[in-house]
Amino acid sequence: MARVRIYDLSRELNMSNKELIAILRDLGIAVKSHSSTIEEADAEAVRELLRAEREERKLAVKAKRPPKKALPKKAPEARHRRARAPSPTPRRAKKAKMARPAPAPTPEPTTEEVLEIEEQVSIRELAELLEVEVSSVLATLMATGLVRTINQPIEAELAIQIGEQYGKKLKLREKEPEPEAPPTRERRVGEVPVPPVVTVLGHVDHGKTTLLDTIRHTNVTATEAGGITQHIGAYEVLVDGHRITFLDTPGHEAFTAMRARGAQVTDIVVLVVAADDGVMPQTIEAINHAKAAGVPIIVAINKIDRPEANVERVKRQLMEHGLVPEEWGGDTICVPISALHGEGVEDLLESILLVAEIEELRGTPTAPAKGTVIEAHLDKGRGPVATILVKDGTLRVGDALVIGAVYGRVRTMINDKGEKVKEAGPSTPVEVQGLSEVPEVGTSIEVVGNEREARRIAEERQIAAREERLRGTQPRRLTLEDLLAQQPEEKKKLNVILKADVQGSVEALTQSLERLNSEEVEINFIHAGVGNIGKSDIMLAAASEAIIIGFNVEVETHADRQLAADEGIEIRLYQVIYRVLDEVRAALAGMLEPEYEEVILGHAEVLQLFQIARVGTVAGCRVLDGRVVRGSQVRVAREQEVIYEGTLTSLRRYTEDVEEVSEGLECGIALDGFNDFREGDILESFTQREVPRTLPA
């Protein structure tokens, strides 16, 4: 039976892919994405549903009454897929609900009253809820070994157990469900769809340059636009009336170098893999760089025209690195192409547009321009020249710019075709002249009111950078020593780039380090590969806040060592695997949430009360056992009930302040915020001691 692709049907029905997928899921037809296929019978069921909706609307308009939506009709062969279909979107859920009767609500039991409580409830609130004395609840807690004050909260689970002892049934109050988010992002005023920015990555000699040349040539032929200059570093192509911007970067090193400086310029990554060569080391690096950037990946399986090409083998290799093709149940689009002959290139461009539609890339052309420098150089005749990719807003001739510590005014703009333009909108690359100096690649641009303001901001940044250099300071990166003293809420993952001499060492180290993971901390491998540590690894570490671990390898060049020092990247080199495990285990242990245990110091009894001006009530006490220490925590117990817990602020022997008083001696004690002492009260002095935590060996 013939099958229909989702995005073809969506065009036929004049609706978005997301809306069509939602309808199909309401009908019980499980689909993965816009490139999935369905049977013709299922497609006809959708057409019939929409026709019925249109007819119902027409009748409703004539009768001047609200339209009654048509019930969704199941596809003939879709019943067995209903169990696996995702939940319908809020807009379609109503239709699905009308199609079957709702189950009768289960009545609440009337034999016993059920009291609702929050996740935490204080002792006082619990006593009022149970209609018993507070002292009774405190005594029940103390019988279990827990000492609490009347205003201290306890967990709901413990409160439910206490309620059972008093014959009351408690339950945790259910939270009201949060409203579901709309299936698509709400469009803001002035916001319009923008072209996607695409970077092509992959292994050497797998056809990246050939693919880019083919795309350029196809675009020129189709639009009869003449030659396109390549020195600009980026260019646009037109596909079915839609623009796509390609970054012509040297590879994933430049791609990550921009991210390391805070520039997220790429919307989609096209990963080129040769069908006759398969996944290679630089392919794996490119995958890891793209994953670290968090952008969608489209795989172009190139060189399918060669006799030794094996597309299925490439897909299996991609699965080993987390890229599961759509036809195998994943969400990665894989397009077989021959960049040399142009076969499949149009399908690749169409896939890019489909992913861009799903990502809902939008911008505001009326806003001031925001962008990134993707190339810069000094031209003898024109001075400093920078290629700027405008990500949002519109850049115009005459705008005053600040690019890091560089300033200027846009004197001339040239597009990718070598033409002078007066303005550049979102996702548009242009070459800009009129800057004071050559800016750094990856630096963000700012549009300010005038050139004087731009110069002031740039000079302030130059002064700050000069002072920083004189102080010898630089942005600090994460180190293993930092993790030992790091608070747990700051970081729960240790990002690692692992390089080893052979693949066997990589696998052994990866498996051994992953066994150190726990529920609280884990190792996140940004990249693991074979070979010496080079510039690409250092830039990836800078972009991902990662630590580089090398096993039986070296840093490639002195320049790379200097780059790591400049970027503040820590590189640890090892020759013994056990030392790697010991140091990483210690680092992960430093990330664990600390545990504390209570240490009882001593007890004292209140014998007499004294009123002292500007101090308040001071309790004259005798230490019964242990010792009482100034600055420690103190509980005040009266008739075996804890009535207060606070800090011991003043401790005196006669007229002298002392640090501690031992067993059998008398002293005067004052507590922070408490004056209601009575003779016979028992004061318990205690402290909290941190218990060092370790990971199992």
State, to 0.1 Å, how close Ile548 and Asp537 come at their nearest heavy-atom pair, and which atoms those are. CD1-O, 3.8 Å

May I ask you to decide if Pro196's main-chain N or O and Asp267's side chain share a donor-acceptor pair within less than 3.5 Å? no

If you define the side chain from C-beta out and look only at heavy atoms, does anything of Asp347 sit under 4.5 Å from Ile337? no

Between the main-chain N or O of Ala274 and the side-chain N or O of His206, is there a donor-acceptor pair closer than 3.5 Å? yes

From the options Leu212, Val197, Thr199, Leu211, select the one residue that forms a side-chain contact (heavy atoms from CB on, under 4.5 Å) with Phe246. Leu212

Are Val385 and Glu375 packed together at the side-chain level, in the sense that at least one heavy-atom pair is separated by less than 4.5 angstrom? no

Nearest-0.5 Å distance that lies between atom OG1 in Thr214 and atom CD in Glu346: 12.0 Å

What one should report as the nearest heavy-atom pair of Ile333 and Ser351 is CG2-OG, 3.9 Å

Just by distance, no angles: are the side chains of Asp213 and Thr210 close enough, under 3.5 Å, to form a donor-acceptor pair? no

Over 12 foreign heavy atoms within 6.0 Å of CZ, Arg243: yes

When you look at CG of Asn524, are more than 12 heavy atoms from neighbouring residues, nucleotides or ligands closer to it than 6.0 Å? yes

Is there a side-chain contact between Met413 and Ile388 (heavy atoms, below 4.5 Å)? no

Just wondering, are more than 12 heavy atoms of other shown residues or ligands nearer than 6.0 Å to CD in Glu554? no

Taking the basic N atoms (NZ, or NE/NH1/NH2) and the acidic carboxylate oxygens, is any pair closer than 4.0 Å for Arg585 and Asp582? yes

Does any non-hydrogen side-chain atom of Val272 lie less than 4.5 Å from one of Val200? yes

Evaluate side chain to side chain contact (heavy atoms under 4.5 Å, CB included) for Leu318 paired with Thr332, printing each intermediate quantity in order. CA-CA 10 Å; Leu318 291 170; Thr332 301; 6.0 Å; no

Determine whether more than 12 heavy atoms belonging to other residues, nucleotides or ligands lie under 6.0 Å from atom CZ of Arg579. no

For the side chain of Asp392 and the backbone of Lys370, is there at least one donor-acceptor N/O pair under 3.5 Å apart? no

Strictly below 4.0 Å, N to O, side chains only: are Glu556 and Lys499 in salt-bridge contact? no

So, does Asp501 use its side chain to make a donor-acceptor pair with the main chain of Asn552 at under 3.5 Å? no

Considering all heavy atoms of both residues, which atom of Ile523 and which atom of Leu513 are nearest to each other, and what is their separation? CD1-O, 3.5 Å

Could you please spell out the steps behind the side chain to side chain contact (heavy atoms under 4.5 Å, CB included) verdict for Ile301 and Lys315? CA-CA 9 Å; Ile301 304 177; Lys315 292 180 180 179; 4.1 Å; yes

Testing the basics here: between Ala300 and Val270, what is the closest heavy-atom pair and its distance to 0.1 Å? CB-CG1, 4.0 Å

Compare every heavy atom of Ala386 with every heavy atom of Val373, then report the nearest pair and how far apart it is. CG1-CB, 4.3 Å

To the nearest 0.5 Å, atom CD of Glu567 lies from atom CD of Gln562 at 11.0 Å

Distance in Å, Ile358 CD1 paired with Leu353 CG, rounded so as to fall on 0.5 Å steps: 12.0 Å

Does the side chain to side chain contact (heavy atoms under 4.5 Å, CB included) test come out yes or no for Glu357 and His242, once each step is laid out? CA-CA 11 Å; Glu357 180 184 341; His242 300 280; over 6 Å; no

Rounding to 0.5 Å, atoms CD1 (Ile268) and CD1 (Ile297) come to a distance of 11.5 Å

A side-chain contact here means heavy atoms from C-beta on lying under 4.5 Å apart; do Glu359 and Pro296 qualify? yes

Is any side-chain heavy atom of Val239 less than 4.5 Å from a side-chain heavy atom of Ile352? no

Dump the intermediate steps for side chain to side chain contact (heavy atoms under 4.5 Å, CB included) on Val432 and Leu395, then the final yes or no. CA-CA 10 Å; Val432 173; Leu395 183 65; 4.1 Å; yes

Checking Thr443 side chain against Ile403 main chain: does a donor-acceptor pair fall under 3.5 Å? no

Euclidean distance, Ile287 CD1 relative to His321 NE2, rounded to 0.5 Å: 6.0 Å

Check this for me, if you would: do Glu570 and Arg572 make a salt bridge, where the nitrogen-to-carboxylate-oxygen distance has to be below 4.0 angstrom? yes

Which atom of Val506 lies closest to which atom of Thr510, heavy atoms considered: O-OG1, 2.6 Å

Is a side-chain donor or acceptor of Thr245 paired with a backbone partner of Ser427 at a separation under 3.5 angstrom? yes

Flag side-chain contact, heavy atom, 4.5 Å: Leu494 against Leu588: yes

Check whether any side-chain N or O of Gln317 sits under 3.5 Å from a backbone N or O of Gly278 as a donor-acceptor pair, and report yes or no. no

Do the side chains of Asn310 and Glu308 get nearer than 4.5 Å, heavy atoms only? no

Got a sec, which residues hit side-chain contact (heavy atoms from CB on, under 4.5 Å) with Val438, two or more places apart in sequence or on another chain? Ala376, Leu378, Pro384

So CG of Asp205 and NZ of Lys208: to nearest 0.5 Å the spacing works out to 8.0 Å

